[in-house]
Visitor: 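Below: one structure in structure tokens.
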There are 2 protein chains.
Amino acid sequence: MNTIIDTPDSPLDRARGNCSSPLELDIDTLHQYLPVVRCKLAAGEYVYRMGQPFRALYLVHAGSLKSCELAEDGREQVTSFRIRGDLIGVESIGLSHCACDAIALEHCEIWELPYPPVIAACLQLPALQARLTASLAEEIRRHRSWMLALGTLNAEQRVAAFLLDMARDHARLGFSDCHFVLRMGRNDMASFLGIQHETVTRALSRLQELGYIAIQRREVRLLDGEALRFLACGERMRRPMAGAERAPRIKSMGHGRATSSLRRPAARGDTAYEAA
Amino acid sequence: MNTIIDTPDSPLDRARGNCSSPLELDIDTLHQYLPVVRCKLAAGEYVYRMGQPFRALYLVHAGSLKSCELAEDGREQVTSFRIRGDLIGVESIGLSHCACDAIALEHCEIWELPYPPVIAACLQLPALQARLTASLAEEIRRHRSWMLALGTLNAEQRVAAFLLDMARDHARLGFSDCHFVLRMGRNDMASFLGIQHETVTRALSRLQELGYIAIQRREVRLLDGEALRFLACGERMRRPMAGAERAPRIKSMGHGRATSSLRRPAARGDTAYEAA
DNA sequence: AACCGAATGTAACAGTCGGTAACAGGCGGA
DNA sequence: TCCGCCTGTTACCGACTGTTACATTCGGTT
């Protein structure tokens, strides 16, 4: 199989840090300090819901889930997708109630780590404390990475970046990084990317039309990772009928959201002088 | 002074959790365990830059700063604004190098907490460990809250939400919550909100035209907090010439980004069944 | 005081993307 | 197997907002 992910430091990779081995703690070690409970979930079931008492963290052992932020007025958004090795529920630490929803996208197995005991165990098990802190920091970096993407990329570029991120996740689990099945539907993808599900479909169709990917429903093949990475780095997509050259940073070509940042690469904000 | 922020649980408030007292740790206590260094910064100076060796966390004692995420292709975005009481640098925990930039918006005083010693001190000082973990979790919640806003609100609504957030910060420091001075310029505001600075200006002008705020350069007065909160909760702004009624959730009125979520308040994603 | 650059504000134009609708295809239940 | 429902796809139109250009104000320097 040919490798799509060849740059170990793509924009979205950086957020992940050096946490290469997902499950640094085995269940036997944990069991010495904690009453770990294995839970199985069906697709659509909630791990926890916003407003419920916060009682545990959860280590994803199999399957995939989504986190949903929701406002009292009904607005909601998927803020992350989690897979094997991820620790979920950490966003509610310091609160008495859960801050958001966590919902299984498919059949899952998760390990429940009761919260006060986890803190106690951290004192006995420095590796656990480190793992918890690292998980928190990594989640911050992931969010920031996506905030950068959502703030500077247009719809097509976001979709390209998302596919690369999914490929990376898939590769991290030891599977092919150029052929995989999306775990979430168009609505969840759109919510996460801050666009509408029709726009996601449009973008996917365009990427397929360009020959960058092949997609049927949720089954994806990445055919031209180079082109996708080119897109996800804020470059404008070459139009279907456009010439052969890849148009590196052409000025005043279209009005995509991305050109704005390309136009002012050295503008370091308002009061950001170069200081020592 | 009349109070603008009367609901203790606004959408963006939730993220902050119960961390009401910002500086739970005084410098004398810290000094017993750590070589704390007081640093003064001028506007525009960097606390740290992306790629530098990660060596310390910083507690903001006075002034305000911004965090900038940046990609190798030149794209960049302000991901947060920090004020007195905030702990910055935590996003690089677990990495050998800093993951982003931190830049002073004005004259600042910050306390440098060298990183390995901080971890050591956490073992001696449970309050410090709790403070660190709480800071990390709170930052995740703040990011998620803003991801919800950026994903579901249009430009005017984002600006309204931003002003309310700034008012809340200002109130948290003990100052007026209806009259304050923005610490950042239009460019930084725009970057944070994922829009262009002209759009920020447009939105601010419109809010002023509507009588919701009074603004001159960076000095802001919130005149109608109720209307602002109404906006920031995803409701569509009533047009200048529109009738008197506040148009609660009118269907098919314009094409703003916000109506999308109002249109499907019960749609809990793709595979989200109601499961016991 | 005059000048200059940066930041801010305003306006006109145009493109992307959201809203809507209609349809196709897949999946599960009867 | 058939049917109904949900997901996914495509097309059209227009609002929102990015882009560009320019005027104005502010702050600091000459």
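None of these values were measured; they are calculated from a predicted model. Throughout, protein chains are lettered first and strands after them, A, B, ... in sequence-line order, and every chain is numbered starting at 1.
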Visitor: Choosing from C/dC17, D/dC26, D/dT20, which nucleotide comes nearest the side chain of A/N154?
Guide: C/dC17

Visitor: Taking only residues two or more places apart in sequence or in another chain, which ones pass side-chain contact (heavy atoms from CB on, under 4.5 Å) with A/R221?
Guide: A/H179, A/A214, A/E219, A/L223

Visitor: What is the distance, rounded to the nearest whole Å, between atom CD of B/Q216 and atom P of C/dT10?
Guide: 11 Å

Visitor: Expressed as a whole number of angstroms, how long is the span from A/E219:CD to D/dT9:C1'?
Guide: 17 Å

Visitor: Between A/T201 and D/dT10, does any side-chain N or O lie under 4.0 Å from OP1 or OP2?
Guide: no

Visitor: Main chain of A/S191, side chain of A/Q77: is a donor-acceptor contact present, judged purely on distance under 3.5 Å?
Guide: yes

Visitor: Nearest to the side chain of B/T199, heavy atoms from C-beta on, is which of D/dG18, C/dT8, C/dG18?
Guide: D/dG18

Visitor: In whole Å, what is the span from the CD1 atom of B/I195 to the P atom of D/dT19?
Guide: 13 Å

Visitor: Got a donor-acceptor contact below 3.5 angstrom from the B/R158 side chain to the B/L193 backbone?
Guide: yes

Visitor: Distance check needed: C/dG26 C1' versus A/R186 CZ, whole Å only.
Guide: 13 Å

Visitor: With distance as the sole criterion, is a donor-acceptor pair present between the side chains of B/R183 and B/S64 under 3.5 Å?
Guide: no

Visitor: Give a yes/no answer on whether the side chain of B/R217 brings an N or O atom under 4.0 Å of OP1 or OP2 in C/dG9.
Guide: no

Visitor: Please tell me which of the listed nucleotides, D/dT19, D/dG8, C/dT10, lies nearest to the side chain of B/S205?
Guide: C/dT10

Visitor: Could you list the residues that satisfy salt bridge (charged side-chain N to carboxylate O under 4.0 Å, His left out) with B/E109, not counting sequence neighbours?
Guide: B/R38, B/K40

Visitor: To the nearest Å, give me how far apart CG (B/L204) and P (D/dT17) are.
Guide: 13 Å

Visitor: Take atom CD of A/Q196 and atom P of D/dG14, then tell me their distance rounded to the nearest Å.
Guide: 19 Å

Visitor: Can you tell me the distance, in whole Å, between the CE atom of B/M184 and the P atom of C/dT8?
Guide: 11 Å

Visitor: Identify which nucleotide among C/dT8, D/dG8, C/dG18 has an atom closest to any side-chain atom of A/R202, counting heavy atoms from C-beta outward.
Guide: C/dG18

Visitor: Please give, in whole Å, the distance from D/dT9 C1' to A/E209 CD?
Guide: 13 Å

Visitor: Between C/dA7, D/dT19, D/dT7, which one does the side chain of B/E198 approach most closely?
Guide: D/dT19

